Student: 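I'd like to ask some things about the structure below.
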There are 2 protein chains.
Amino acid sequence: MTYDLYYWPSIPGRGEYVRLVLEAAGLAYRDMARLPASKGGGIEAMFAFMKGEKGAHRPFAPPFLVSGDIVVSQTAVIAAFLGERHGLAPEGEADRLFARSIAVTTADFVAEAHDTHHPVGSGLYYDEQKAEAARRAEGFRAERMPKFLGWYEALLTANPAASGWLVGKAPSYADLGLFQTVAGLRYAFPRRMQSLAGSYPRVEALCARLAEEPRIAAYLASDRRLAFNEDGIFRRYLELDGE
Amino acid sequence: MTYDLYYWPSIPGRGEYVRLVLEAAGLAYRDMARLPASKGGGIEAMFAFMKGEKGAHRPFAPPFLVSGDIVVSQTAVIAAFLGERHGLAPEGEADRLFARSIAVTTADFVAEAHDTHHPVGSGLYYDEQKAEAARRAEGFRAERMPKFLGWYEALLTANPAASGWLVGKAPSYADLGLFQTVAGLRYAFPRRMQSLAGSYPRVEALCARLAEEPRIAAYLASDRRLAFNEDGIFRRYLELDGE
């Protein structure tokens, strides 16, 4: 079984949510857009799928994952697919469905984080929407961050397995999604995250614990892990981070 | 097997994507928030789940579906769960995964439609963000609507089954999601949709065909079908519909 991940090569972005599951499960994969064209990689190879040149299962946008005749897109769908196949999902139908629900909710949270710097449109530059961004970021910091983070904290508190993971007894792709989102928020909103430090102790513990898992730790220290930057989903624009 | 749907009682919104799958599959269900409290329904019954009073599988937001010990949230996850269980999903792993990818992409499209009237924040009134809404709607009409609708058209063109459905040989929850989204766009952006009429003939044919499916036709004529209105996701604000 081979896995080819297609995503923009220069940002962690949404691709990172897939990459983390691949790495945590110890799976071999190729990060196609970061490979040279001579190895079948590059941006053009990615666009070929999106233009329908590689078959009927044409993704709307990256990231997408290709494995044999499977072409699956959308971060939460890919992560659930990999997690359920490779031991990074809870057992039992109710827990599995709830993990999928969590992952899509995390994708919503990530979209809202993105929209703090692009509230008017992804086709425009940030400089063209700074006034709107300031307003949107204010609500995101004041209302949305506590609402989402408080929800994860409540799930960790209520999990009957008392495992320290969001659902079930063991870490799953849902936990990895929260880990990456918190990392992104710490990058993009350092002051706000500092002011919230200690408010969500179980969320913080989950993130710290995942960072120490051997496969994750090795990955984070590798050059496969891309740094956050101002072309991505999570951007450090200090004017959006409040006082 | 019983299904209880929880969603805001006065708008079609995201709940409609679930309701359509329940209706198209001919499933018995209760629309809980529209039932009186004496029958276990009402808004408070919905909030009880969201406050964690009904167990650890606490949804972030409606809609959510309850069946025995299952509590599943997020439109696309619920629709896939029901579709795969009840004959409204394609056969075969690759097609099933692609249908899930489509449904989450449709949810993204719906979120963008919502954000045309709430680009700054869902916690504010439309009147507090009309200037930003005008800008966001402009990009939505000019760029995003053609991009998404063109993608569905391309999928219908490329489907090797040539069935007139998005994936596989038979109608699935992915088709129902497109149907409802087009209905919402026709309500919210009548002028823009008129100007696009004929540009996506396969999308139009799919919608017309679904509206004539006996179960769907009966549902659309019933009082279970809620009308679009200006409290929902798709709102008719003519100033956002362009010239």
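Convention: sequence-line order gives letters A, B, ...; per-chain numbering from 1. Note that this is a predicted model, so its numbers are computed, not measured.
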Student: Using the ring of each side chain (for Trp, its six-membered ring), is B:His114 parallel, tilted or perpendicular to B:His117, with breaks at 30° and 60°?
Tutor: perpendicular
Student: Quick one: which of A:Glu93, A:Arg144, A:Glu138, A:Gln129 has the most heavy-atom pairs under 4.5 Å with chain B, could you say?
Tutor: A:Glu93
Student: Which residue out of A:Glu132, A:Glu112, A:Arg136 racks up the most heavy-atom pairs below 4.5 Å with chain B?
Tutor: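 It is A:Arg136.
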Student: If I measure from the heavy atoms of chain A, does B:Leu124 come under 4.5 Å with its side chain, its backbone, both, or neither?
Tutor: side chain
Student: Go through the atoms of A:Thr157 and report whether side chain, backbone, both or neither lie under 4.5 Å from a heavy atom of chain B.
Tutor: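 Answer is neither: A:Thr157 stays 4.5 Å or more from chain B.
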Student: Checking side-chain polar atoms at under 3.5 Å, does A:Ser73 have a donor or acceptor matched by the opposite partner on A:Tyr6?
Tutor: no
Student: Given that the side chain runs from C-beta out, which part of A:Val71 has a heavy atom under 4.5 Å from chain B: side chain, backbone, both or neither?
Tutor: backbone
Student: Among A:Ala107, A:Ala94, A:Gly123, A:Ala103, which has the most heavy-atom pairs under 4.5 Å with chain B?
Tutor: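 Top option by heavy-atom pairs under 4.5 Å: A:Ala94.
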Student: Quick check on the interface: out of B:Leu97, B:Val72, B:Ile78, who has the most heavy-atom pairs with chain A under 4.5 Å?
Tutor: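 The option with the most such pairs is B:Leu97.
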Student: When you measure from the side chain of A:Asp115 to the backbone of B:Pro119, do you find a donor-acceptor pair of N or O atoms at a distance under 3.5 Å?
Tutor: no
Student: Determine whether the aromatic ring centres of B:Phe189 and B:Phe234 lie less than 6.0 Å apart.
Tutor: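 No; B:Phe234 has its ring centre 6.0 Å or more from that of B:Phe189.
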Student: Which of residues 46-58 of chain A get closer than 4.5 angstrom to chain B, counting heavy atoms alone?
Tutor: A:Ala56, A:His57, A:Arg58
Student: Distance only, no hydrogens: is a donor on one side chain within 3.5 Å (strictly under) of an acceptor on the other, for B:Thr116 and B:Tyr237?
Tutor: no
Student: Looking at B:Thr75, B:Asp69, B:Leu155, B:Val104, which one has more heavy-atom pairs under 4.5 Å with chain A than the rest?
Tutor: B:Val104
Student: Quick one: which of A:Val120, A:Val77, A:Thr105, A:Leu166 has the most heavy-atom pairs under 4.5 Å with chain B, could you say?
Tutor: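 Top count of heavy-atom pairs under 4.5 Å with chain B: A:Val120.
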Student: Quickly, which of B:Phe148, B:Tyr152, B:Phe109 forms a ring-ring contact (aromatic ring centres under 6.0 Å, His included) with A:Phe60? Name it, please.
Tutor: B:Phe148
Student: Heavy-atom cut-off 4.5 Å, strictly under: side chain, backbone, both or neither for A:Asp95 against chain B?
Tutor: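 Both the backbone and the side chain of A:Asp95 come within 4.5 Å of chain B.
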Student: I need the A:Leu156 CG to A:Ser163 OG distance, nearest 0.5 Å.
Tutor: 8.0 Å
Student: Please check: side-chain N/O of B:Arg192 versus main-chain N/O of B:Arg141, any donor-acceptor pairing under 3.5 Å?
Tutor: yes
Student: Under a 3.5 Å distance rule, please check whether B:Tyr173 uses its side chain to pair with a backbone N or O of B:Ala89 as donor and acceptor.
Tutor: no
Student: To the closest 0.5 Å, what do you measure between CG (A:Leu27) and OH (A:Tyr3)?
Tutor: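 Going from the CG atom of A:Leu27 to the OH atom of A:Tyr3 covers 6.0 Å.
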Student: Does the side chain of B:Val182 come within less than 4.5 Å of B:Tyr200's, by heavy atoms?
Tutor: no
